[in-house]
Amino acid sequence: MEVRLYSLSTCSYCRMAKRWLDDQGVGYKVIEVDLLEGEERQDEIAKVKGLTSSTVFPVITFGDEAVVGFNKPAISKLLGM
């Protein structure tokens, strides 16, 4: 399973989440939603809404589970750390 980080390029909490994941040695794929265009952007926004019922960022996913926001304890639990 892949860890995904749905992010906005201008979001300070998203940057903190990236830095924290890097510091923990977690490999992940970043999707910078605000830098996407057209249908690709709409598809990724739909995925985030489907997972969280909102468009609050960052969203970190692992399998079918998601954590909204930069919540270190919840992220650690999600990733089994």
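Put simply, the side chain of Ile60 reaches to within 4.5 Å of the side chain of Leu21, judged on heavy atoms. Proximity of Arg4 to Tyr28: side-chain heavy atoms (C-beta onward) are nowhere separated by under 4.5 Å. Within the 4.5 Å cutoff, the side chain of Gln24 has no heavy atoms near those of the Ile75 side chain. For the pair Phe57/Val48, a side-chain contact is recorded, criterion being any heavy-atom separation below 4.5 Å from C-beta on. Contact check for Val67 versus Val59: no side-chain heavy atoms found under the 4.5 Å cut-off. Looking at Asp43 and Arg41, their side chains never come closer than 4.5 Å, going by heavy atoms from C-beta outward. Considering only heavy atoms from C-beta on, Trp20 comes within 4.5 Å of Ser76 through its side chain.
Ser7 OG to Tyr13 OH: the interatomic distance, rounded to the nearest 0.5 Å, is 14.0 Å. Here CD of Glu32 is found 7.5 Å from CG of Leu5. Values are rounded to the nearest 0.5 Å. Between the OH atom in Tyr6 and the CD1 atom in Ile31 there is a gap of 4.5 Å [rounded to 0.5 Å]. Rounding to the nearest 0.5 Å places OG1 of Thr61 at 9.5 Å from NZ of Lys47. Within the model, atoms CZ of Arg15 and NZ of Lys18 stand 7.5 Å from one another, a figure rounded to the nearest 0.5 Å. Once rounded to the nearest 0.5 Å, the distance linking NZ of Lys72 with CE of Met16 reads 9.0 Å.
Counting heavy atoms of neighbouring residues, nucleotides and ligands inside a 6.0 Å radius, atom CD of Glu2 exceeds 12 of them. Atom CG of Asp23 sits in a crowded spot, with more than 12 heavy atoms from other residues, nucleotides or ligands closer than 6.0 Å.
By the rule that hydrophobic residues join a cluster once side-chain heavy atoms approach within less than 4.5 Å of another member, Leu51 and Val3 end up as members of separate clusters. In the hydrophobic clustering of ILVMFWY residues, with side-chain heavy atoms under 4.5 Å counting as a link, Val33 and Val30 come out apart. Hydrophobic clustering places Met81 together with Phe62 (ILVMFWY residues linked when any side-chain heavy atoms are closer than 4.5 Å, directly or through intermediates).
Scanning both residues, Ala66 and Leu78, for their nearest heavy atoms gives N-CD1, 4.3 Å. Contact between Thr55 and Ile45 at its shortest, heavy atoms only, is CG2-CG2, 4.0 Å.
Under 4.0 Å is where a charged nitrogen must lie from a carboxylate oxygen, and between Lys77 and Glu65 no such pair does.
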